[in-house]
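Along the sequence shown, the residues carry numbers beginning at 1. Heavy-atom basis, side chains included; hydrogens, waters and symmetry copies ignored.
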Amino acid sequence: MAISNSLWSFALVVGLLALTPGLDTALILRTSALGRRNRAWGVVLGIQSGTLLWGALTSLGVTALFTASHLAYVTLRWIGAAYLIWMGVRMLRDTFRGLPTAGIGESDLSTGKDSVTGGWRQGTLTNLLNPKMGAFYVAVLPQFIPAGAHHFTMGLLLTTVHILIGLMWSAVLIGFARVLHGWLRRPQARRLLDRITGTVIAAFGIRLALSD
């Protein structure tokens with residue numbers, strides 16, 4: 001497989017993955033729709049920072065060793081699942097108690113701060129505590145490295161393709177969410193969005209905990 005064919009094929013796979021609604025989509029849409037554009041971009045950059053780290057570790061072979069250890073994988077899976085369930089339940093609890101939405105594990109939204117740094121921490125932590133990202137890279141990335149290519153260099157090149165596609169799709173999501181900003185100025189609308197987002201996040205955490 002030529003390097004150009006490998007890049008285009010990998011771009012198709014990760015492009016379809018990016019279009020599939022999931023945890024990342026929910027986080028970006030919710031943060032941006034509440035008018036926190038800087039924080040939303042922080043979440044995006046955090047998610048892509050995690051992707052870069054997973055890709056680098058896979059290219060070095062560290063993630064493959066990690067995935068081969070059942071105990072290490074299960075430990076990270078439970079930590080990640082607990083973190084996601086906690087975020088989702090907290091959001092749902094606050095909407096039913098009539099409390100101001102304080103963001104997902106953060107207080108920046110309630111205090112009026114629109115922090116790129118806070119969003120970056122949230123996005124990075126969410127991505128790194130998802131062991132399925134590591135499993136995906138271990139299973140998929142080697143299939144697109146041509147014979148004779150330098151594994152680490154090619155692995156980082158493929159990861160860069162993934163990051164660029166993620167950034168472009170995130171820009172579309174953030175732009176779309178701005179349309180909803182006026183509607184979300186109403187407390188009822190914000191509670192509805194938080195209930196939807198909280199349910200998605202908690203369900204993802206439960207699915208992660210129950211997965212094999």
Side-chain angles (χ1 to χ4, degrees), residues 1-28 41-85 119-173 200-201 203-212:
M1 180 186 295
I3 291 180
S4 58
N5 291 337
S6 176
L7 293 175
W8 281 111
S9 300
F10 187 72
L12 177 61
V13 171
V14 296
L16 293 174
L17 181 66
L19 292 175
T20 304
L23 177 62
D24 293 349
T25 301
L27 288 175
I28 295 168
W41 275 111
V43 171
V44 171
L45 295 176
I47 290 170
Q48 302 311 324
S49 296
T51 299
L52 177 61
L53 184 56
W54 280 121
L57 291 175
T58 301
S59 302
L60 289 171
V62 174
T63 309
L65 295 175
F66 172 82
T67 305
S69 171
H70 181 70
L71 178 61
Y73 178 84
V74 170
T75 300
L76 181 61
R77 189 184 74 191
W78 278 104
I79 293 174
Y83 173 69
L84 295 175
I85 293 172
W120 180 84
R121 288 197 305 266
Q122 178 184 335
T124 303
L125 187 59
T126 300
N127 187 281
L128 292 181
L129 287 179
N130 182 7
K132 289 192 174 183
M133 275 294 295
F136 168 80
Y137 265 84
V138 169
V140 174
L141 199 66
Q143 311 303 321
F144 292 89
I145 298 179
H150 189 275
H151 282 202
F152 184 72
T153 302
M154 189 64 193
L156 287 184
L157 186 58
L158 292 169
T159 303
T160 300
V161 171
H162 191 179
I163 291 173
L164 291 175
I165 290 176
L167 290 173
M168 288 188 291
W169 177 237
S170 297
V172 173
L173 293 176
V200 170
I201 293 173
F204 190 89
I206 293 171
R207 179 183 176 186
L208 182 61
L210 298 179
S211 64
D212 185 1

Handout entry: Residue pair Val161 / Trp8, side-chain heavy-atom distance below 4.5 Å
Key = no

Exercise for the section: Please name the pair of heavy atoms, one in Ser170 and one in Ile28, separated by the smallest distance, quoted to 0.1 Å. Expected result: OG-CD1, 3.5 Å

Handout entry: Interatomic spacing from CZ in Phe144 to CG in Leu158 - rounded to 0.5 Å
Key = 8.0 Å

Fill in the blank from the handout: In terms of heavy-atom contacts, Leu45 and Trp120 come closest through C-CD1, 3.7 Å

Handout entry: Close side-chain approach of Met154 and Leu7, heavy atoms under 4.5 Å
Key = yes

Problem - Student check: side-chain heavy atoms of Leu57 and Tyr137 closer than 4.5 Å - result: no

Completion exercise
His150 meets the side chain to side chain donor-acceptor pair (under 3.5 Å) criterion, sequence neighbours left out, with Thr153

Exercise for the section: Taking atom CH2 of Trp41 as the centre, report whether more than 12 heavy atoms of other residues, nucleotides or ligands fall under 6.0 Å from it. Expected result: yes

Handout entry: Nearest non-hydrogen partners of Leu128 and Gly50, listed with the distance
Key = CD2-CA, 3.8 Å

Exercise for the section: Please report the shortest heavy-atom distance between Ala18 and Ile165, naming the atom on each side. Expected result: CB-CG2, 4.3 Å

Fill in the blank from the handout: Minimal heavy-atom distance between Gly155 and Ser59, with the atoms involved, is CA-OG, 3.2 Å

Practice task
Looking only at non-hydrogen atoms, find the nearest pair between Thr124 and Ser49 and report the distance.
Solution key: OG1-CB, 4.1 Å

Problem - CG on Asn130 to CZ on Phe136, rounded to 0.5 Å - result: 11.5 Å

Fill in the blank from the handout: dist Thr126:OG1 -> Met133:CE (nearest 0.5 Å) comes out at 12.0 Å

Practice task
Can you measure from CG (Leu141) to OG1 (Thr58) and round to the nearest 0.5 angstrom?
Solution key: 6.0 Å

Fill in the blank from the handout: Between the OG1 atom in Thr159 and the CG atom in Leu164, the distance rounded to the nearest 0.5 Å is 11.0 Å

Fill in the blank from the handout: Residues at least two apart in sequence or cross-chain that pass side-chain contact (heavy atoms from CB on, under 4.5 Å) with Val172, listed by chain then number, are Trp169

Practice task
Indicate yes or no for a side-chain donor-acceptor contact from Trp54 to the backbone of Asn127 under 3.5 Å, with no hydrogens or angles considered.
Solution key: yes

